[in-house]
Asks: 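Pasting a structure here, questions to come.
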Amino acid sequence: MRERFVIMPEYSSLEKIRLQKLEELRAEGIEPFPTRAERTHTSAQAIAEFESAEKEGREVKATLAGRIRATRAMGKLSFAHIEDGDGKIQLFFRVNEVGQDRIDFFNKMFDIGDFIQVGGVMMRTKTGEATLLVHEFKMLAKAVSPLPAAKDETLEDGTVVRHAALEDAEIRARQRYADLAVNPEVRDVFRKRAAIIKSLREFLDEKGFLEVETPILQPIYGGAAARPFVTHHNELDQDMYLRISFELYLKRLLVGNLEKVYEIGRDFRNEGVSFKHNPEFTQLEFYWAYADYLQVMELTEQMVSSVAQQVLGTMKIKFKDHEIDLTPPWRRLEMRQGLLDVTGVDIYAHTDSDSLAAALRAKGLVPPVGVTRGKLVDWMLSEKLEPTLIQPTFLYDYPRDISPLAKSRPNDPLTVERFEGYVAGFEICNAFTELNDPLDQESRFLEMGRDYTDDEEEKHPMDDDYLRAMRYGMPPNGGFGMGVDRLVMLLTNKHNIREILLFPALRKEEFNSPGETE
RNA sequence: GGGCGCGUAGCUCAAUGGCAGAGCAGUGGCCUUUUAAGCCAUUGGUUGAGAGUUCGAAUCUCUCCGCGCUCACCA
């Protein structure tokens, strides 16, 4: 199979016309991509200043810069809307101010999508719209390819209907630049995303946590059960893994007497892609010395609700058909009880996988066969319980055998102090009282190694350096991990991770030449 | 990776075996307060790619490419 990138094999007819305009501009001595631009006001600033000035009968001069989104040419008049970072504003070109030649020039040479600089005076049109009456204008950047421009229609009741908007999911994701350029609400999603991350950071900073950066390229991966991406360092001549979690490095810092640490960054997992999974995703983890999972629970509900309050101005959010209230305290549900409620089976009464599977089948359920007890519990959880957890819920106390880095409950070796936070039926975070006994940790590594002998990549590899660190002494601590993308989905009411990632993972663009197949 | 579905003009969509179309965008013309501006005219297509069935394929079949949904996987 021959591979190559698709590099716009040929210009379309629309593009050829625009290229011709480029040449004509240059022939007239006009640079279509000038080096510098000027601007005195954004669209919103110009309108705001005009609205206060017009009461006093004061004139507002403004130079604006932005992208042409619509034009309406009428012979001796032209109207246009440009859009900048603050919004849209109408331009009014009139023969009185600029002369017929410049009107014709604008109509002929300027297309939707072009960047323009306009200087003039603010005024109000007959229909009452605050508008810039243009005295002078200048091309800032010509768009060679037509933007997939939409038209906005404002109905009587003020609602805006967008016609022929770019909707193709593939083009929107692949050409996010075009999606952002024509769909303003997409820009808002990413502004909100930035605000959420900033707010998380501020919350943790304010609580005295230290933000740190740990290696993305790691000689040994760990901290989660996931397949890693493998790469190679040439000079060191060794394979490296892209991290699947931050956990083991952050906990090494507790050994180093840093008591409260966190990191927000990218994790990489070489696994399936779905509406809630991307191969690289943003994770928040923190570790808190001398705290346990109950304290982490309280901090979690404070953190998530305060982020919502700060970013959205409310703790009551909408997600799909659900009205969700993030106000603390959140419901706390012991996992054993939760599973008993939805399946009628008490996992504590069945301490091996055969017994538990039999009990489930006796209730008419169809659990997967040939798996560990931990996996059976996981199945009960994800199939039966999770979908019912719409309002924020902490599910707590998990089986030890699916939690190799969590600390057992005192006097209950089969159960660990762990919780997961659920909202809208999906998991947003995972936390536990961290295991800090180096000898116990070593035996857990060995245990996990045995469980995954068939699948080399997924097993927890022994991390000798981590054990060495633990042997110096690690304070008791509570740890926390949250998929930031999931939180962003929740707070923006987007139901696909692709909607809240600027550049989600997609197959490489390539094509087979006619007749050539593998 | 499995199952189901989709792919038609720059964008949004029609055409279900019988001449590939519409609106917007574009191009030419008219128009001094428009705002999906309007009116007249007009350009634009390898119907994702390739093969097959048929007198005839956007439409039916197969292969491939891409995307979506879903299952599996996934702390």
Side-chain angles (χ1 to χ4, degrees), chain A residues 1 3 6 11-18 20-21 69-81 88 90-97 100 103 107-108 111-113 123-129 131 133 143 145-155 160-174 178 182 223-227 244-245 247 269-279 281 368 374-375 377-378 381-382 398 402-406 418 420 427 429-432 455 458 460 481 483 496 498 506-518:
Chain A
M1 188 176 77
E3 279 184 15
V6 176
Y11 286 112
S12 72
S13 60
L14 297 180
E15 288 163 335
K16 284 174 186 160
I17 289 165
R18 288 171 177 230
Q20 209 173 332
K21 292 178 183 178
R69 292 301 308 275
T71 57
R72 295 176 290 281
M74 307 181 58
K76 294 189 169 62
L77 300 180
S78 276
F79 289 93
H81 270 95
K88 286 189 193 175
Q90 182 168 250
L91 308 180
F92 183 17
F93 299 80
R94 197 166 59 171
V95 72
N96 311 37
E97 283 74 29
Q100 190 65 49
I103 296 271
N107 291 341
K108 184 157 195 295
D111 292 297
I112 291 170
M123 60 164 290
R124 208 169 274 284
T125 60
K126 269 188 185 167
T127 49
E129 181 167 348
T131 298
L133 180 62
S145 299
L147 270 187
K151 285 202 163 189
D152 289 343
E153 178 183 13
T154 309
L155 301 177
V160 175
V161 182
R162 180 152 325 133
H163 299 273
L166 177 65
E167 279 172 354
D168 184 282
E170 183 178 354
I171 298 175
R172 287 191 49 230
R174 244 183 233 295
V182 301
R227 267 182 300 193
I244 58 173
S245 86
E247 174 152 3
R269 297 188 184 175
N270 204 342
E271 287 165 349
V273 176
S274 81
F275 73 95
K276 56 178 177 174
H277 296 90
N278 195 65
F281 60 98
K375 290 276 181 186
V377 172
D378 216 30
L381 181 62
S382 55
Y398 279 60
I402 55 172
S403 312
L405 299 162
R418 170 179 174 185
E420 292 186 336
E427 178 203 332
C429 63
N430 180 22
F432 26 88
D455 193 343
E458 210 176 304
H460 268 251
N496 192 317
R498 207 161 278 188
L506 294 171
R507 223 172 281 269
K508 188 169 73 175
E509 257 181 300
E510 63 192 15
F511 69 91
N512 293 325
S513 293
E516 284 187 69
T517 50
E518 233 171 320

Asks: Examine B/C67: is either OP1 or OP2 under 4.0 Å from a nitrogen or oxygen in the side chain of A/Arg507? Give yes or no.
Replies: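 Checking B/C67 against A/Arg507, a side-chain N or O does come within under 4.0 Å of OP1 or OP2.
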Asks: Tell me: CD of A/Glu170 to C1' of B/C6, nearest whole Å?
Replies: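 Taking atom C1' of B/C6 as the reference, CD of A/Glu170 is at 11 Å.
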Asks: Rounded to whole angstrom units, what separation is found between the CD atom of A/Gln20 and the P atom of B/U43?
Replies: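 After rounding, the reported distance stands at 18 Å.
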Asks: Could you check which nucleotide pairs with B/C19 in any of the strands shown, counting Watson-Crick or G-U wobble with both distances under 3.5 Å?
Replies: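 Because no pair has both required distances under 3.5 Å, B/C19 counts as unpaired.
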Asks: Between A/Ile244 and A/Ala226, what is the shortest heavy-atom contact and its length?
Replies: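 Where A/Ile244 meets A/Ala226 most closely, the heavy atoms are CD1-O, 3.9 Å.
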Asks: By nearest nucleotide on RNA chain B, pick out whichever of A/Asn496 and A/Gly75 is the more 5' one.
Replies: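 Per heavy-atom nearest nucleotide, the more 5' residue is A/Gly75.
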Asks: Could you check whether A/Lys88 pairs with A/Asp152 (Lys NZ or Arg NE/NH1/NH2 to Asp/Glu carboxylate O, under 4.0 Å)?
Replies: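 Counted as a salt bridge, because a side-chain N and a carboxylate O are separated by less than 4.0 Å.
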Asks: For A/Arg269 and A/His277, which I'm curious about, is there any donor-acceptor pair between the side chains at under 3.5 Å?
Replies: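 No - no donor-acceptor pair under 3.5 Å links their side chains.
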Asks: When rounded to the nearest Å, what value does the distance between C1' atoms of B/C64 and B/G23 take?
Replies: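 Their C1' atoms lie roughly 34 Å apart.
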Asks: In whole angstrom, give me the gap between the P atoms of B/G18 and B/U34.
Replies: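 It comes out at 46 Å once rounded to the nearest Å.
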Asks: May I have the distance from A/Gln100 (atom CD) to B/G29 (atom P), rounded to whole angstrom?
Replies: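 Distance, rounded to whole Å: 12 Å.
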Asks: Which nucleotide, in any strand shown, forms a Watson-Crick or G-U wobble pair with B/A36, with both distances under 3.5 Å?
Replies: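 Checking every strand shown, B/A36 finds no partner, since no pair has both distances under 3.5 Å.
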Asks: Write down the distance separating the P atoms in B/C6 and B/C62, rounded off to the nearest Å.
Replies: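 Approximately 13 Å lies between the P atom of B/C6 and that of B/C62.
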Asks: Regarding A/Glu129, tell me which of base, sugar-phosphate or nothing describes its non-hydrogen contacts under 4.0 Å with the strands shown.
Replies: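 Base, at least one base heavy atom under 4.0 Å.
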Asks: Does B/A72 have a Watson-Crick or wobble partner in any strand here, with both distances under 3.5 angstrom, and which is it?
Replies: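 No nucleotide pairs with B/A72.
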Asks: Consider the side chain of A/Phe275, meaning its heavy atoms from C-beta on, and name the nucleotide among B/A75, B/A37, B/U70 that approaches it most closely.
Replies: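 In terms of side-chain proximity for A/Phe275, the closest of B/A75, B/A37, B/U70 is B/U70.
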Asks: Donor-acceptor pair, A/Lys76 side chain versus A/Gln100 backbone, under 3.5 Å?
Replies: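 Absent.
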Asks: Is the side chain of A/Asp168 donor-acceptor paired with the backbone N or O of A/Ile171 at a distance under 3.5 Å, no angle test?
Replies: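 Indeed, once roles are kept as given, a pair shorter than 3.5 Å links the two residues.
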Asks: Show each protein N/O and nucleotides 12-15 of chain B N/O combination with a separation under 3.5 Å, one pair to a line.
Replies:
{"unit_1": "B/U12", "atom_1": "OP1", "unit_2": "A/Glu167", "atom_2": "N", "d": "3.1"}
{"unit_1": "B/U12", "atom_1": "OP1", "unit_2": "A/Asp168", "atom_2": "N", "d": "3.1"}
{"unit_1": "B/U12", "atom_1": "O3'", "unit_2": "A/Glu167", "atom_2": "OE1", "d": "3.3"}
{"unit_1": "B/C13", "atom_1": "OP1", "unit_2": "A/Glu167", "atom_2": "OE1", "d": "3.3"}

Asks: For B/U70 and B/C60, measure between their P atoms and round to the nearest Å.
Replies: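 25 Å, rounded to whole Å.
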Asks: Using both distances under 3.5 Å as the test, list the Watson-Crick or G-U wobble partner of B/U59, or none.
Replies: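 Check on B/U59: unpaired, no WC or wobble geometry under 3.5 Å.
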Asks: If I pick the C1' atom on B/A57 and the same atom on B/C19, what distance separates them, to the nearest angstrom?
Replies: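 To the nearest whole Å, 14 Å.
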Asks: Is any side-chain nitrogen or oxygen of A/Arg174 closer than 4.0 Å to OP1 or OP2 of B/C67?
Replies: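 Checking A/Arg174 against B/C67: at least one side-chain N or O falls below 4.0 Å of OP1 or OP2.
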Asks: Rounding to the closest angstrom, what is the interatomic distance between B/A25 and B/A49 at atom C1'?
Replies: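 Approximately 27 Å lies between the C1' atom of B/A25 and that of B/A49.
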Asks: In whole Å, what separates the C1' atom of B/G5 from that of B/U46?
Replies: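 Their C1' atoms lie roughly 25 Å apart.
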Asks: The criterion is salt bridge (Lys or Arg N to Asp or Glu O under 4.0 Å); which residues satisfy it with A/Glu420, sequence neighbours excluded?
Replies: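 A/Glu420 satisfies salt bridge (Lys or Arg N to Asp or Glu O under 4.0 Å) with A/Arg418 only.
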Asks: Using a 4.0 Å heavy-atom cut-off across all strands, classify A/Tyr398 as base, sugar-phosphate, or nothing.
Replies: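 Nothing, no heavy atom under 4.0 Å.
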Asks: Can you tabulate the close N/O pairs, meaning under 3.5 Å, that link protein atoms to atoms of nucleotides 25-28 of chain B?
Replies:
{"unit_1": "B/A25", "atom_1": "OP1", "unit_2": "A/Lys151", "atom_2": "NZ", "d": "2.7"}
{"unit_1": "B/U27", "atom_1": "OP1", "unit_2": "A/Lys21", "atom_2": "NZ", "d": "2.5"}

Asks: Which atoms form the tightest heavy-atom contact between A/Ser78 and A/Ile103, and what is the distance?
Replies: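 It is OG-CG2, 4.3 Å.
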Asks: Whole Å only: how far is the CD1 atom of A/Ile103 from the P atom of B/U34?
Replies: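 The distance from CD1 of A/Ile103 to P of B/U34 comes to 16 Å, rounded to the nearest Å.
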Asks: Taking the side chain of A/Leu506 as heavy atoms from C-beta outward, which of B/C67, B/C74, B/U32 is closest to it?
Replies: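 Looking only at side-chain atoms, A/Leu506 lies closest to B/C67.
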Asks: If you pin A/Ala169 and A/Met123 to their nearest nucleotides in RNA chain B, which one's is more 5'?
Replies: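 Here A/Met123 is the residue nearer the 5' end.
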Asks: Provide, to the nearest angstrom, the distance between the OH atom belonging to A/Tyr11 and the C1' atom belonging to B/G44.
Replies: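 Atom-to-atom, A/Tyr11 to B/G44, this comes out as 19 Å.
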Asks: Using 0.5 Å steps for rounding, measure from the CZ atom of A/Phe79 to the CD atom of A/Glu129.
Replies: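 CD of A/Glu129 is found 9.0 Å from CZ of A/Phe79.
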Asks: Has A/Arg18 got a side-chain atom pairing as donor or acceptor with A/Ala143's backbone, closer than 3.5 angstrom?
Replies: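 Between the backbone of A/Ala143 and the side chain of A/Arg18 there is a qualifying donor-acceptor contact (under 3.5 Å).
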Asks: Nearest 0.5 Å please: distance from the OG atom of A/Ser12 over to the CD1 atom of A/Ile17.
Replies: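 Going from OG on A/Ser12 over to CD1 on A/Ile17, the span is 8.5 Å.
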Asks: Tell me which nucleotide, if any, is Watson-Crick or G-U wobble paired with B/C31 when both distances must be under 3.5 Å.
Replies: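 The answer is none; no pair meets the criterion.
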Asks: Round to a whole Å and report the spacing from NE2 of A/His277 to C1' of B/A72.
Replies: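 Checked: the NE2 to C1' distance equals 12 Å.
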Asks: Atom CZ of A/Arg69 to atom P of B/A37: distance rounded to whole Å?
Replies: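 Checked: the CZ to P distance equals 12 Å.
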Asks: Side chain of A/Glu420 only, heavy atoms from C-beta on: which candidate in B/A75, B/U33, B/U32 is closest?
Replies: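 Closest of the options to the side chain of A/Glu420: B/A75.
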Asks: Starting at CD of A/Gln90 and ending at P of B/A36, how long is that distance when rounded to a whole Å?
Replies: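 After rounding, the gap between these two atoms is 11 Å.
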Asks: Taking atom C1' in both B/A14 and B/U8, what distance in whole Å separates the two?
Replies: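 The answer is 9 Å between these two C1' atoms.
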Asks: Counting N and O atoms only, with roles assigned by atom type, does the side chain of A/Glu271 sit under 3.5 Å from a partner on the main chain of A/Arg227, one being a donor and the other an acceptor?
Replies: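 Present.
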Asks: Does A/Arg72 make a side-chain N or O approach to OP1 or OP2 of B/A37 shorter than 4.0 Å?
Replies: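 The answer is yes; a side-chain N or O of A/Arg72 sits under 4.0 Å from OP1 or OP2.
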Asks: Could you let me know what B/G7 is paired to, Watson-Crick or G-U wobble, both distances under 3.5 Å, or none if it's on its own?
Replies: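 Check on B/G7: paired to B/C65, both distances under 3.5 Å.
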Asks: Atom OH of A/Tyr398 and atom CG of A/Asn430: how far apart are they, to the nearest 0.5 Å?
Replies: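 Answer rounded to 0.5 Å: 7.0 Å.
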